[in-house]
Amino acid sequence: MRLLLVLLLAFSCTIVRANAIAQPGTGELPLTVLADAGFGGHLPADRWTSVRVIVSPRQDSIEGIVRVRFTGPGGMDLRSIAPLTTTPGRETVLPMTVWIPSRFDTMQVEFLDLRGRRLAGTRYDQSGSSTSIHIQAPSINPIVLSVGIPGLVRAFGSDAYLRTPQDDGEREQLDLAAMARIVSVAPMAPGQAPWLPTTVAAYDGVSAVVLDGSVALNLGPEVISVLQSWLVGGGRVMLVNADGNALRAVLGEHLPAGLGFLAPRPMPLPAALGGTGEVRARALSSDVMGNGWKPLPQAPDMAAHGPVGLGWAIVMGLDAADFAGQASDGVFQTMWQGTLGEFIRHDLEAARSHLGTGRYDTQSFRSLANASVYSWISRSPTVGAGAFIAIFAMMMMLGILLGPIDRAVLRRLGLMHLWWLVALGWIALASLGAWLLPGTVRSGPSSVTTVRVIDGWTVPGGGVSAWQASYTGVFMNQSASIVLDDAEASAWVSPMSSPWDFYGSSAPSGQMTWNATRDMMRPLPTVARLWTMRHFQEHGPTAPPMAFRFAVDGGRMQLHLSGPAASRLEHVSVHTGGKWLNMLPGGRLQSTRDGFLLVASWQDFSDAPSSLFEGSTGVDSHRQYAWYDGSTKPTPAMMTQLAAPRTRTMALEALGTHEDWAVVYATWSDDHRSLAGNVGEEFRTLWACRLAVPIETIGVARPAGVGQ
């Protein structure tokens, strides 16, 4: 009875202590922590996104750590942590940028004290239960962020099926439109700015941002700066209800010469946008614009589009609010699907193809590119005979010890009754040897294989803005902690998911933790075991690995190259005026005082790029590897079809068709150390570089029609 009373007292103390943690103030409600994940609850798969953590009000300030944790198959345990001090008497909101795996079982958001003790938390899963909250599964469907245009949802997503299609072409358009996920962000009150993330990586999972010009003027400088950085790095922005002030606010120094709008007036609605009656809009002030900008074919009098750095933008003088009130649902949908729908068409088609049968012979070039690159960076040496010989030797030794040696020795010592204890000792010793010996006779070093794509362009006034996308596989020949602090300071590092599951990407295995440092999430050391592969990706601004200058002297084309990688070049092509110069191999790399030089003439222009840079080639040769998990060296066309480089392709292609710009395509390989330098013993990096540079004229100008 006395023992029972002691146990009851201990249990009561535990409950009181737990309540003291949950209720630090007398009479206060329990501390709660909730998460607003993604945009409108939509989570992008294998991408970064915004997660807003909301902590309930307390009378006193609490200093602690917020942890967002994903757990799932294959031992996946991904954690993001950030410091937080609550505001007394007010709800505290902490915006975080979190990497979302393609598959997970649970997401937990927790508030810990500085000693790591859990103060409060909430569990989310995709089924929901009495102990958790429902959360949507991550998806590859494109997410469109609609800022100040709430009616956009009428034209996309499930609302696209509200209208009965008139023909097969319209059905095709509606099917694609239904793939999009529209998230509307509106100001809390007129004249106020809506909430938007203030880190570039938070927009990683967004296919496009659609802005109302009047709302854009109210966005704070921090949000505008982040949006511009995201746009220049390969993002896509559509600005409607645009005027001169909105153009300057959103595009800033990237506003092309000649782009402007006149005062609003009634204008006929183009046939491509519904073509019924008039609509109040602003007309373009000129149809001659710089840096590859052109009138939008669907509405050439009131809209234009073109590259902004490595991204793309559409600007329209149409007031979406006025148009929505005048047009029928059919015209309204046609207008948006004919502009925004074409703007993100590749993303819509990719989402629809993801719903296919999963057969390897129906996979898109994009899927094959993912599989090809993943298999290339997953190469590892064979285990070798030494490890198996070591294991076999330990088994033979165990058999001898447990048999004749044990019998002879124990009988001589008179300890036969302890045979079972001695046998256990021999088994433990042999198991330890079988665990340790294979690692000492491994057949190959720890190797780091990277596919690295660098895209850049020469900014106005000089200098180069470049962005990288690196995909790295680390083979471990011993158990060790991988330190990832050798990533570039502005890069975002995350794991990679396997592309082999055609119905949905497989979640990455292993553990990884990010720690918030200023506005960046920096990875902490992560453990990898013997003979395992770990995969990482790295994205963000970077310095270009070499410099290019393209000059024209009459019919003579000169490509000047400088930098440590210039001597390693394997393939070089130049795209200018819509034509191609395939300069290497075939040309001769000449040494100069400050680098190297490649020379070509106007007769060398071709209508097509080298097969290595052509996206339609190599599909059949790579298809078997996407199915059978083989390994073949990916072509530059494969490398540039990966998620981040693909978003920059449209801008680079547009500059390549302009007569004042040249886009240099180059590839090479070396032993560059990018990640996992503390464990890597052998480094192999495959490079693809696309850099847009203005054309210089030396002496005689280019003959008319050459390269156009």
Side-chain angles (χ1 to χ4, degrees), residues 46-51 80-82 95-100 196-206 221-235 237 252-254 308-311 448 450-459 461-472 482-496 512-526 536-547 563-565 642-648 651-652 672-678 685 687-692:
D46 294 330
R47 298 293 187 94
W48 294 90
T49 194
S50 176
V51 173
S80 299
I81 57 177
M96 297 178 64
T97 305
V98 176
W99 190 79
I100 307 296
L196 289 173
T198 54
T199 59
V200 175
Y203 296 88
D204 180 43
V206 175
E222 187 177 15
V223 171
I224 286 292
S225 176
V226 167
L227 277 176
Q228 288 180 355
S229 297
W230 173 71
L231 176 58
V232 169
V237 169
E253 63 178 2
H254 305 290
V308 180
L310 300 170
V448 181
T450 301
V451 167
R452 190 172 175 89
V453 183
I454 305 291
D455 295 320
W457 74 301
T458 302
V459 300
V464 176
S465 174
W467 287 68
Q468 60 129 334
S470 298
Y471 307 86
T472 299
I482 303 176
V483 179
L484 298 171
D485 57 6
D486 46 3
E488 295 192 37
S490 56
W492 296 78
V493 178
S494 60
M496 291 182 64
M512 192 168 180
T513 301
W514 293 270
N515 183 28
T517 304
R518 298 180 182 176
D519 290 334
M520 297 288 291
M521 298 299 294
R522 307 305 300 173
L524 298 179
T526 179
F536 305 98
Q537 51 187 327
E538 183 181 4
H539 301 279
T542 188
M546 68 177 68
L642 298 171
R646 188 179 61 253
T647 63
R648 301 191 271 266
L652 291 168
H672 175 79
R673 294 171 176 251
S674 55
L675 281 178
N678 70 303
T685 301
W687 297 77
C689 182
R690 300 179 295 180
L691 185 60

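The structure displayed is predicted, hence computed values, not measured ones.
Although no hydrogens or angles enter the test, the distance criterion places a donor-acceptor pair under 3.5 Å between the side chain of Arg690 and the main chain of Pro645. Under the 3.5 Å distance criterion, the side-chain polar atoms of Gln537 are matched with a main-chain donor or acceptor of Pro495. Remark: the backbone N or O of Ile100 is not paired with any side-chain donor or acceptor of Arg47 at under 3.5 angstrom. With hydrogens and angles ignored, the 3.5 Å screen pairs no side-chain donor or acceptor of Tyr203 with any backbone N or O of Leu231. The backbone N or O of Val459 sits nowhere less than 3.5 Å from a side-chain atom of Ser465 that would complete a donor-acceptor pair. Counting only distance, with no hydrogens or angles, the side chain of Thr647 and the backbone of Ala644 share a donor-acceptor pair below 3.5 Å. Checked by atom type and distance alone, the side chain of Ser229 pairs as donor or acceptor with a backbone atom of Ser225 at under 3.5 Å.
The shortest heavy-atom contact between Glu488 and Ala543 is OE1-N, 4.4 Å. Pro523 approaches Met512 most closely through the heavy-atom pair CB-CE, 3.7 Å. Scanning both residues, Ala469 and Arg648, for their nearest heavy atoms gives CB-NH2, 4.0 Å. Closest of all the heavy-atom pairs between Trp514 and Ser494 is CZ2-CA, 3.9 Å. Of all non-hydrogen atoms in Ala516 and Ala82, the two that sit nearest each other are CB-CB, 3.6 Å. Contact record, Ala651 with Gly311: CB-O, 3.4 Å, taken as the closest heavy-atom pair.
The CE atom of Met521 sits 4.0 Å away from the OG atom of Ser80 when rounded to the nearest 0.5 Å. Between the CG atom of Leu675 and the CD1 atom of Ile482 there is a distance of 9.5 Å, given to the nearest 0.5 Å. Note that the CZ atom of Arg522 and the CG atom of Asn515 stand 10.5 Å from one another [nearest 0.5 Å]. The structure places CG of Leu196 at 9.0 Å from CD1 of Ile224, a figure rounded to the nearest 0.5 Å. If you take CD on Glu253 and CD on Gln228, they are separated by 7.5 Å, rounding to the nearest 0.5 Å.
A donor-acceptor pair shorter than 3.5 Å cannot be found between the side chains of Ser470 and Ser674.
A ring-centre distance under 6.0 Å is found for Trp687 and His672.
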side-chain contact (heavy atoms from CB on, under 4.5 Å) between Arg673 and Asp486, worked out
CA-CA 9 Å; Arg673 294 171 176 251; Asp486 46 3; over 6 Å; no
side-chain contact (heavy atoms from CB on, under 4.5 Å), that's the test. Do Asp204 and Trp492 meet it? Break it down for me.
CA-CA 10 Å; Asp204 180 43; Trp492 296 78; over 6 Å; no
Report the C-alpha distance between Trp48 and Thr199 in whole Å, list the side-chain angles of each, state the deciding distance to 0.1 Å, and finish with yes or no for side-chain contact (heavy atoms from CB on, under 4.5 Å).
CA-CA 10 Å; Trp48 294 90; Thr199 59; over 6 Å; no
Go through the steps for Val223 and Thr198 under the test side-chain contact (heavy atoms from CB on, under 4.5 Å), then give the verdict.
CA-CA 5 Å; Val223 171; Thr198 54; 4.0 Å; yes
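Applying side-chain contact (heavy atoms from CB on, under 4.5 Å) to Thr472 and the options Thr450, Thr685, Val493, Val451 leaves one that passes, Thr450.
In this structure the side chain of Leu310 reaches within 4.5 angstrom of the side chain of Leu652, judged on heavy atoms.
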